[in-house]
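One structure is given below, encoded as structure tokens.
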Amino acid sequence: MVRLSDEKGLEIIAITEEELKPNEEVCLEGRLGRFEGKLSILDARRVESSRETIEELKKEYDLDPNFEEVSVAGRLVSLRSMGKALFGHLQDATGRLQIYLKLDVLGEERFKEFEEFVDTGDLLGVKGRLFRTSTGELTVEVEDFQLLAKSLHPMPEKWHGIKDVEVRYRQRYLDLIANETARKIFVLRSRAISEIRRFLDSRGFLEVETPTLQPVASGANAKPFITYHNYLEQNLYLRIAPELYLKRLIVGGFNRVYELGKNFRNEGVDTTHNPEFTMVEFYTAYWDYRDLIKFTEELLSHVLLSTVGSLKITYQGRELDFTPPYKVYRYFDLLEEKTGKNKDFFLRDEQGLRQLAVELGIPKAQSLTHAKLIDKVFDRLVEDELWGPCFVIDFPKLLSPLAKTHREDPDLVERFELFVAGKELANAYSELNDPVEQRDRFLQQLREKELGDEEAMQMDEDFITALEYGMPPTAGEGIGIDRLVMVLADVDSIREVILFPALRTSHGA
RNA sequence: GAGCCGGUAGCUCAGUCGGCAGAGCAACGGACUUUUAAUCCGUGGGUCGCGGGUUCGACUCCCGCCCGGCUCACCA
């Protein structure tokens with residue numbers, strides 16, 4: 001252990017390689033320095049960006065030897081020793097800045113301290129004047145430095161970064177240090193979320209928080225996680241959707257509400273599913289689903305323009321054009337186009353439909369409920385081809401227990417789903433606000449559950465009671481944030497847009 | 001849960017027919033005061049995912065297990 005201290009009495013303790021033997025206890029506390037100065041590389045770069053143009057700046061630097069004094073801290077990600085001078089790069093999430101250490105600027109003692117105690121991977125603070133190297137790179141000529149934290153592990157390879165997805169997900173910090181694309185994706189995600197909030201806020205929506213632990217897991221078709229509350233002595237469920245609570249708030253007079261947060265579904269994990277995922281759900285009194293189509297186009301336009309800066313993007317090599325209006329297809333028109341069979345076939349000829357499902361090779365077609373059969377056939381024949389963006393509207397009532405009956409057709413509900421790149425990105429409807437009909441729909445769901453549909457929706461009596469007090473005509477929508485970010489970031493796995501995706505705990509190996 | 005593919009140095013990857021475990025980067029020592037994937041000289045570094053089996057001999061072949069990826073099933 002080596003101890004250094006500067007004139008202010010701040011203390012740095014560096015540990016040499018030999019001391020980092022496995023199983024040896026290493027005290028980190030004493031090695032944390034306090035660094036006075038601007039802590040973001042952006043702060044240093046601001047010196048440059050305050051000029052009008054780069055050309056202007058270059059000219060100024062060429063003419064004026066009095067460069068600006070800056071203080072910067074960051075992770076030392078590269079180091080090139082020239083004997084009596086050293087070059088390196090400091091990095092943080094915002095970028096990189098070159099540093100230059102000269103023996104005759106730092107003095108022999110400090111220069112040797114740097115050579116001896118500072119390694120790539122360490123967190124370092126430096127002070128000095130900005131200048132341009134002969135190749136034109138903006139660089140800090142270091143007059144003083146401070147070791148702020150030691151990395152006890154070597155950094156990933158500088159050229160290839162970290163490719164092993166298992167390491168990238170389990171130790172995301174390494175991914176963020178080594179891979180700029182990963183940093184960009186999560187900055188993009190953050191911006192997209194904040195722009196969604198900004199848009200909804202600007203339209204008069206109230207952001208609310210409703211229970212994540214719910215006595216009844218309803219509002220969607222999914223298997224919940226179950227937990228037990230010791231004091232209440234009862235099971236609670238992690239929410240599969242906030243929907244029924246948000247509608248209670250509409251009953252309460254909050255006419256525009258939204259909630260942005262996690263839902264939890266106890267189901268498979270794959271490239272488009274994570275057991276906890278982020279949704280934004282919003283509800284507006286006195287709107288119907290047609291209002292939401294226009295609103296969705298406006299919302300997405302805002303998000304696209306304020307994040308990626310264009311309504312036209314490339315996703316997995318194909319163009320996606322979000323310029324409104326999006327195409328609108330009726331649910332049964334799409335099915336009829338594929339099968340030649342009309343709505344009555346799907347809704348009234350269960351045997352014929354089952355036969356069709358068997359012919360299509362849909363698993364367990366013999367035992368699926370009528371509602372599931374329709375859903376599966378649609379998924380198989382239509383969904384993957386909906387590159388979009390496009391709206392599919394007017395779903396069968398059987399599949400939509402919380403949506404209002406269609407004003408022109410009692411077999412249907414006023415509902416749409418937004419499809420992008422073959423994936424469902426949003427789901428919306430005119431909300432069912434008739435408590436009597438809502439009770440019937442829940443009872444229908446319970447019958448579906450008895451017929452073997454594990455994901456049929458649970459009855460929520462308290463919600464029906466709320467409806468009995470009167471909920472204004474309302475439209476509501478949910479948008480899957482993770483999938484939206486996948487599209488914006490042009491990645492094909494949901495794990496690329498979730499900082500810490502669900503992985504099995506590693507043990508044994 | 002099923003099928004296919006993968007796991008070798010800190011990182012990225014080779015490893016032929018079963019015959020001494022390899023490279024680049026990183027690390028360590030040395031040279032070098034404008035380098036930037038610095039360069040040059042030198043050195044060290046391995047539970048070949050884990051456990052069995054076959055064999056004179058296994059990173060390599062066989063069996064089981066762990067972890068991951070893709071496809072499928074379930075789902076948004």
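The sequence lines fix the lettering, A, B, ..., with proteins before strands; numbering per chain opens at 1.
Nearest nucleotide to the A:Glu157 side chain, out of B:C25, B:U34, B:C74: B:C25. Comparing B:A26, B:C28, B:A76 by their nearest atom to the side chain of A:Thr120 picks out B:A26. Distances were taken from every side-chain heavy atom of A:Val165 (C-beta onward) to each of B:G68, B:U34, B:A76; the shortest belongs to B:G68. Side-chain proximity of A:Leu503 to the nucleotides B:A73, B:A76, B:G69 is greatest for B:G69.
A straight line from CE of A:Met82 to P of B:U33 spans 7 Å, rounded to a whole angstrom. The nearest whole Å value for the distance from the CD1 atom in A:Ile99 to the P atom in B:U34 is 16 Å. A straight line from CH2 of A:Trp159 to P of B:A38 spans 9 Å, rounded to a whole angstrom.
The salt bridge (Lys or Arg N to Asp or Glu O under 4.0 Å) analysis of residues 264-279 of chain A, with sequence neighbours excluded, yields the pairs A:Lys262-A:Glu276.
Counting any heavy atom pair closer than 4.0 Å across all strands shown, A:Gly478 reaches no nucleic acid atom. Base contact: A:Asn274 has a heavy atom under 4.0 Å from a base atom. Using a 4.0 Å heavy-atom distance criterion, A:Glu455 is classed as a sugar-phosphate-only contact. Among the heavy atoms of the strands, none lies under 4.0 Å from A:Gly480. Using a 4.0 Å heavy-atom distance criterion, A:Lys102 is classed as a base contact.
Counted by atom type alone, A:Glu207 and A:Tyr258 present one or more donor-acceptor pairs between their side chains at under 3.5 Å.
The base of B:C32 is paired with the side chain of A:Ser81 by a donor and an acceptor separated by under 3.5 Å. Checked by distance alone, A:Asp104 brings a side-chain donor or acceptor within 3.5 Å of a matching partner on the base of B:U33. One can find a donor-acceptor pair under 3.5 Å joining the base of B:C74 and the side-chain atoms of A:Asp270. Side-chain atoms of A:Glu137 and base atoms of B:U35 include no donor and acceptor less than 3.5 Å apart.
The residue from A:Tyr329, A:Tyr326, A:Tyr331 that alone fulfils the ring pair (Phe, Tyr, Trp, His ring centres under 6.0 Å) condition with A:Phe391 is A:Tyr326.
Between A:Phe277 and A:Phe264, the distance separating the two ring centers is not shorter than 6.0 angstrom.
A salt bridge between A:Arg183 and A:Asp175 is absent, with no side-chain N of the basic residue lying under 4.0 Å from a carboxylate O of the acidic one.
Contact check, A:Arg170 against B:G68: a side-chain N or O comes under 4.0 Å of OP1 or OP2. Applying the 4.0 Å criterion to OP1 and OP2 of B:A76, one finds that A:Arg483 has every side-chain N and O outside that range. Look at A:Lys376 and you'll find a side-chain N or O under 4.0 angstrom from OP1 or OP2 of B:C74. For B:U39, the OP1/OP2 oxygens have no side-chain nitrogen or oxygen of A:Arg80 closer than 4.0 Å. Regarding contacts with the backbone of B:C70, a side-chain N or O of A:Arg495 is found under 4.0 angstrom from either OP1 or OP2.
Using Watson-Crick or G-U wobble geometry with both donor-acceptor distances under 3.5 Å, B:A27 finds its partner in B:U43. The partner of B:U71 is B:A2, by the rule that a Watson-Crick or G-U pair needs both atom distances under 3.5 Å. With a cut-off of 3.5 Å on both pairing distances, the Watson-Crick or G-U wobble partner of B:G22 is B:C13.
Residue A:Arg380 is the one, among A:Arg380 and A:Asn263, whose nearest nucleotide of RNA chain B lies closer to the 5' end (criterion: closest heavy atom). If you find the closest nucleotide of RNA chain B to A:Ser493 and to A:Asp482, the one lying nearer the 5' end belongs to A:Ser493.
Taking A:Gln355 as the reference, A:Glu359 meet the side chain to side chain donor-acceptor pair (under 3.5 Å) condition, with sequence neighbours excluded.
Here A:Phe87 does not lie in a stacked arrangement on the base of B:A38, lacking the combination of planes under 30° and ring centres under 5.5 Å apart.
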